[in-house]
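Reminder, nothing fancy here: chain letters follow the sequence lines and each chain counts from 1.
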Amino acid sequence: MAAFLVRRLFQMAVVIFLSSIVSYALLNAAPGGPLTFLREQQQGGRNRVTQEDVARVRARFELDLALPVRFSRWLVGQPRGPIEVGGQQYFADLAVGCRVPGQVRLRYPDGSTEIIEEGCEIPLTLADLGADTTRRHSRGILFGDFGLSQTILRDRPVSILIESRLPYTLSLMGASTLLAIVIGVPIGIYSAVRQYSRFDYTMTTVAFLGASLPTFFIGIMGILVFAIGAKEIGLPYLPPGNATAARDYVVPLIGTVTKGSALDFFLHFLMPCGVLTFTNVAGWSRFVRASMLDVLNQDYVRTARAKGVRERMVVLKHALRNALIPFITLLAGTLPSLFAGAIVTETVFNWPGMGRLLIDSLGRFDYTVAMSVLYITIVLTMIGYLLSDILYTVVDPRIRLT
Amino acid sequence: MATSPLLQVENLEVQFKTQDGVVKAVNDVSFHVDRGETLGIVGESGSGKSVTAMSLMRLIPNPPGQITGGKVMFDGENLLDYSDDEMRHVRGNRIAMIFQDPMTSLNPVLTIGRQITESLELHLKLTQKEARNRAVELLNMVGIPSADRRLDDYPHQFSGGMRQRVMIAMGLSCNPELLIADEPTTALDVTIQAQILELIQRLQHELGTAVIIITHDLGVVAGMADRVQVMYAGRIVEEGPTNEIFAQPRMPYTIGLLRSIPRLDEEQGRKLNPIRGLPPDLINLPQICPFSPRCDYFVAGKCDATVPPLRQVGVDHRAACLFDISIDTPIPGAEVPV
């Protein structure tokens, strides 16, 4: 077990490092970026955007640093300047980026011009990096410093942003996951025990709908029916959008709802939670059903029946424990989503959680925020799978970790 | 005063509904088992022997299977009239069953101890501690060394033979009056087979349990059973005392089975005589002798006219053949051996 853990933790570190590289590179390879707008301005020539302006923005987003250097500064907070050993500075002249890139103005035969970047006019050395007092240095995400938000909360720590969004996501994902287990597992068991019964067919249809309709569609339909429709015909309605209202409002039969009250939160909470629960129940009940059917046909279930065990106990004691073993892996996969949230559902309901934060940060080129969310998701995924491996040994005595 | 048999099965019929039609797995099967005796049921795959055994316990999965007719009189009462709850008290308590594959018949996530004590607590209402002590006794009885320690082991920590011993211990835990062993040695290698059969025999003598042993291995039956019945296509085609069946088989199917076994004392170079053809499809069984298409002694106009009933051919010996055929009857059309 100890040897397994050591080896596994080492593997996790490698995987986390590699996936960090990949996600960082992909994020930066995506088209667009904070400079696009400036460039357009330059091209159009309406505003005087100087190269200094561009350089300033580049420095703000660290786009003037080479990608590996940027990554290293994000991950471990290095390099911050020339390497100092015993008072001596080394590599002070090493170029790690480009302060002002060279520009070439292309003139086309039809009279239009285009400016493209080529080469480097003024390189950025380690010495420049160390001397730049306006530049903020992160201690590195590996040491718990998520860095500063670049656009969403300009120059304030990402951790503040995450702290403000996390409770919303945790409550939404926690409640919907728990509900989905509590509802989905019994449905799956019952569907398997009464295979091809009316209940089974009904649940199969419902699960089929839940699994094939995208959450944004269910979400929008939910808003149409339970928010807009219900409000128009004077029934109690569920307010869509955000987690709390901006001002007090009146709901028929319930009365005045004070903004920011628990009731206000609950009413906003119901619909996104319902949509997520529905989707999860659809998938998980099918999973449990399939797994349970498989187990119910096993010889040892017949043995239990031949012993005269009560059918209820045959299902719950002999079959269920075996059937839930594969379900554990599935649950381990939900651990990161508890934190990262449901991107689509949160966006549809404008829920101020982590999923929407990720979408916002991508749309506004807030690289540090986006990478923080991605990084935490990576780490939690790893932890989730480690936990599921350990849980396996608890529920299945045949499995030993070596 | 004639004591009634422990188990009396009358005209049992079991059918399975499938997409292709109704499979008549067991047709009009009647037999009895006396207290303490061993009955062997022999037949090839799909002949209905396992289904017969499962229906005695009412363990036929429904749907698709259903017992469509007959009676299973156990100790004077028809098990088919029992409620599910009453039936549960019979299973594992008065009738126990051992299955073919000990590798898959034990629950992998429960300890051996837990699986043995379960029926003890259920049927004999023992406390956990009493049940545990009894389980140790049982494991000792079936010859598992250091039983006390092994009680907390899981099935995967046992070898195949040991697992079958555990299954036997489980089966005998409540001192059942009838033990049904459904191909108990098929999944085991030959040396272990002998040990397991010996064990079943020894325990049967010690406990006075009646045993139904189901197998396709004629050797197993010869060594174990007092009486044998041969099944073919869901019917009993011959039944009688074991010696009688092996010495004087009267049904061409049984004769064919015996002819197809290699013998140690036969001349060298003799070819084995297999039974030609395949067993019939149980979905559309015509009203003819089910074995007639494969029979060496087929008589047109007779064998394909009716289903031959079991008829007395000797003391306690009955066969389902219209003709008096024995193992010495020459095969018509075959070369007479020189």
Side-chain angles (χ1 to χ4, degrees), chain A residues 185 189-201 288-289 291-329 388-402, chain B residues 50 53-54 56-61 63-64 84-112 114-124 152-157 163 166-167 170-171 173-174 176 179-182 187:
Chain A
V185 171
I189 297 171
Y190 198 77
S191 285
V193 173
R194 299 259 177 279
Q195 195 190 6
Y196 303 137
S197 65
R198 193 169 296 169
F199 176 86
D200 185 27
Y201 277 123
V288 171
R289 176 183 181 271
S291 172
M292 196 71 188
L293 275 178
D294 186 42
V295 169
L296 281 176
N297 284 322
Q298 295 289 322
D299 288 349
Y300 52 80
V301 171
R302 187 184 56 184
T303 307
R305 290 205 179 104
K307 277 195 284 189
V309 178
R310 234 171 239 110
E311 187 58 29
R312 199 185 159 76
M313 291 306 286
V314 170
V315 172
L316 294 181
K317 186 173 151 192
H318 287 265
L320 185 60
R321 234 188 110 180
N322 284 287
L324 286 187
I325 292 172
F327 188 59
I328 285 171
T329 335
S388 87
D389 280 355
I390 294 172
L391 268 178
Y392 265 143
T393 63
V394 178
V395 294
D396 192 340
R398 284 167 297 182
I399 297 174
R400 286 277 164 272
L401 302 178
T402 47
Chain B
S50 287
M54 297 284 275
L56 302 185
M57 294 278 265
R58 285 192 25 207
L59 283 174
I60 300 285
D84 285 345
D85 222 35
E86 286 171 317
M87 196 58 218
R88 260 195 331 97
H89 289 294
V90 175
R91 283 186 206 134
N93 188 18
R94 303 186 64 194
I95 307 179
M97 199 158 174
I98 303 171
F99 296 100
Q100 180 176 350
D101 192 350
M103 297 306 198
T104 55
S105 294
L106 289 166
N107 194 327
V109 301
L110 298 177
T111 60
I112 294 299
R114 193 72 207 87
Q115 297 187 55
I116 298 178
T117 54
E118 191 173 26
S119 46
L120 291 170
E121 287 168 25
L122 210 65
H123 298 302
L124 304 183
D152 296 318
D153 282 350
Y154 290 92
H156 69 276
Q157 291 160 302
R163 283 190 222 183
V166 171
M167 286 295 292
M170 251 164 67
S173 57
C174 301
L179 178 71
I180 304 173
D182 187 358

At a heavy-atom separation under 4.5 Å, does B:His123 approach chain A through its side chain, its backbone, both, or neither? side chain

Counting only heavy atoms closer than 4.5 Å, note whether B:Met87 contacts chain A via side chain, backbone, both or neither.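 Answer is neither: B:Met87 stays 4.5 Å or more from chain A.
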
What's the shortest heavy-atom distance between [X] and [Y], and which atoms?
X	Y	answer
A:Val309	B:Leu122	CA-CD2, 3.6 Å
A:Ala306	B:Met97	CB-CB, 4.4 Å
A:Pro397	B:Pro108	CG-O, 3.2 Å

Among B:Arg114, B:Arg58, B:Met103, residue most engaged with chain A (heavy-atom pairs, under 4.5 Å): B:Arg114

Polar side-chain atom of [X] near backbone of [Y] as donor-acceptor pair, under 3.5 Å:
X	Y	result
B:Asn107	A:His318	yes
A:Lys307	B:Gln115	yes
A:Thr303	B:Ser105	yes

Residue selection (most heavy-atom pairs with chain B, distance under 4.5 Å) from A:Arg310, A:Gln195, A:Gln298, A:Lys317: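 Between A:Arg310, A:Gln195, A:Gln298, A:Lys317, the count favours A:Arg310.
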
Taking B:Val109 as the fixed residue, which of A:Leu324, A:Val395, A:Ile325 is the one that meets the side chain to side chain contact (heavy atoms under 4.5 Å, CB included) rule?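 Only one of A:Leu324, A:Val395, A:Ile325 forms a side chain to side chain contact (heavy atoms under 4.5 Å, CB included) with B:Val109, namely A:Ile325.
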
Heavy-atom distances under 4.5 Å only: say whether A:Val295 touches chain B with side chain, backbone, both or neither. neither

